[in-house]
Amino acid sequence: DIAKEPAKTHEAYGTQPGQASFANNCLLARRLVERGVRFVQLYHWGWDHHGNGVSTDIVSALPRTTRLVDKPISALLTDLKQRGLLDSTLVVWGGEFGRTPVNEARNGSKLLGRDHHPRCFTIWMAGGGVKPGVYGETDEFGYNIAKDPMHVNDYHATLLALLGLDHEKLTFKHLGRRYRLTDVSGEVVKNIIA
């Protein structure tokens, strides 16, 4: 029952007890972490912005969607830090794929969105042994990687290392081949580990 949280907490997160919202979920995530839950996943839908009836065009929908998540995420990180939980809690923010840095019209629609983009993908992490700062850069258009590329297998190996797991030891044999969670490659990117 988040209604028992102090008013200043509700103000920081933007929560509304009794309502379904990403803000409420962020506050619930903090409460779960406080109680020792080891893995918590939050989900916020509506990032496609293709004008498909579920979410509208990028010009109006993206600012609205980011407002729904920015304040609660900031409050969650601040709350975890103030309670001494951020050092031992790895927070990861990502999506289903990268998105093009330009608008695209789909099937003649005047509602513009951003299509799937395999070249660049932004993820941020906080706490849990991650160094503050930026790793990797795109060109000025956000279209191609310009510096410090990180393959998805390297990202997974690094994420597992931050969780205290050696990805090279997580193997299983299938059809005569030894597989691991990072397939047959992946190197820990030590530059982002504190």
Side-chain angles (χ1 to χ4, degrees), residues 22 25-26 28-30 32-33 36-50 52 54-55 58 62 65-66 69-70 72-73 76-77 80 85-104 106 113-194:
F22 185 76
N25 288 343
C26 284
L28 288 171
R30 188 265 289 162
L32 289 168
V33 170
V37 175
R38 295 187 49 138
F39 293 93
V40 179
Q41 179 180 347
L42 301 179
Y43 176 78
H44 184 71
W45 70 277
W47 291 95
D48 280 359
H49 306 125
H50 288 307
N52 59 7
V54 176
S55 57
I58 192 170
L62 186 59
T65 305
T66 55
V69 300
D70 284 352
I73 290 170
L76 174 61
L77 294 174
L80 290 172
L85 294 167
L86 190 58
D87 289 341
S88 61
T89 304
L90 179 63
V91 179
V92 179
W93 171 265
E96 58 183 337
F97 348 82
R99 294 286 178 183
T100 58
V102 294
N103 291 345
E104 48 88 18
R106 185 174 278 197
R114 296 179 303 153
D115 212 346
H116 304 162
H117 186 54
R119 292 191 178 112
C120 301
F121 183 73
T122 300
I123 294 174
W124 63 258
M125 298 187 291
V130 174
K131 281 183 188 174
V134 175
Y135 184 85
E137 294 177 17
T138 65
D139 60 22
E140 64 271 19
F141 299 110
Y143 197 78
N144 289 307
I145 297 170
K147 181 181 174 188
D148 295 328
M150 184 186 296
H151 190 275
V152 67
N153 292 340
D154 297 336
Y155 172 70
H156 287 151
T158 305
L159 183 62
L160 289 166
L162 287 164
L163 296 174
L165 300 168
D166 181 349
H167 73 105
E168 293 183 352
K169 292 184 179 178
L170 298 169
T171 61
F172 61 96
K173 195 168 186 176
H174 179 67
L175 297 175
R177 181 176 168 209
R178 294 187 61 75
Y179 288 88
R180 59 187 190 215
L181 293 178
T182 54
D183 196 23
V184 294
S185 60
E187 298 291 328
V188 175
V189 179
K190 295 178 180 166
N191 291 347
I192 66 169
I193 297 177

task: Mind listing the closest non-hydrogen atom pair of L77 and A126 along with its distance?
output: CD2-CB, 4.0 Å
task: Test side-chain contact (heavy atoms from CB on, under 4.5 Å) on I193 and K131 and set out the steps.
output: CA-CA 5 Å; I193 297 177; K131 281 183 188 174; 6.0 Å; no
query: Is the closest side-chain donor-acceptor distance between R178 and T171 under 3.5 Å?
result: yes
field: CD1 on I145 to CZ on F121, rounded to 0.5 Å
entry: 12.0 Å
query: C26 and I73: which non-hydrogen atoms are nearest, and at how many Å?
result: SG-N, 4.2 Å
query: Does N25 reach the main-chain N or O of L42 with its side chain, forming a donor-acceptor pair under 3.5 Å?
result: no
Output a table of donor-acceptor pairs, distance under 3.5 Å, between side-chain atoms of residues 158-166 and any protein atom two or more places apart or on a different chain; print 'none' if there are none.
unit_1	atom_1	unit_2	atom_2	d
T158	OG1	D154	O	2.8
T158	OG1	V189	N	2.8
D166	OD1	E168	N	2.9

message: Side chains of N144 and T138, heavy atoms from C-beta outward: is any pair under 4.5 Å?
response: no
- prompt: Are side-chain heavy atoms of R177 and V184 found at a separation under 4.5 Å?
  reply: yes
message: Between T122 and W124, is there a side-chain heavy-atom distance shorter than 4.5 Å?
response: no
- request: Could you give me the CA-CA distance, side-chain angles and deciding distance for F39 and Q41, then say whether side-chain contact (heavy atoms from CB on, under 4.5 Å) is met?
  value: CA-CA 7 Å; F39 293 93; Q41 179 180 347; over 6 Å; no
- request: Quick one: do V92 and Y155 satisfy side-chain contact (heavy atoms from CB on, under 4.5 Å)? Show the steps, please.
  value: CA-CA 12 Å; V92 179; Y155 172 70; 3.1 Å; yes
- prompt: Hey, mind stepping through M150 and I192 against side-chain contact (heavy atoms from CB on, under 4.5 Å) and telling me if it holds?
  reply: CA-CA 11 Å; M150 184 186 296; I192 66 169; 4.1 Å; yes
- request: Report the distance from atom CG of L32 to atom OG1 of T89, rounding to the nearest 0.5 Å.
  value: 11.5 Å
message: Counting neighbours of CZ on F141 that are heavy atoms of other residues, nucleotides or ligands and sit closer than 6.0 Å, is the number greater than 12?
response: no
message: Ignoring hydrogens and geometry beyond distance, is a side-chain donor-acceptor pair present between H167 and T182 at under 3.5 Å?
response: yes
message: Under the rule for ring pair (Phe, Tyr, Trp, His ring centres under 6.0 Å), what residues qualify as partners of Y143, not counting sequence neighbours?
response: H117
Main-chain N/O of S185 paired with D183 side-chain donor or acceptor, under 3.5 Å: no
query: Mind checking whether T65 and H44 have side chains closer than 4.5 Å, heavy atoms only?
result: yes
query: Is there a side-chain contact between W93 and M125 (heavy atoms, below 4.5 Å)?
result: no
- prompt: Would a 4.5 Å heavy-atom cut-off, applied to side chains only, mark D87 and L80 as touching?
  reply: no
- prompt: What residues form a side chain to side chain contact (heavy atoms under 4.5 Å, CB included) with R38, not counting sequence neighbours?
  reply: none
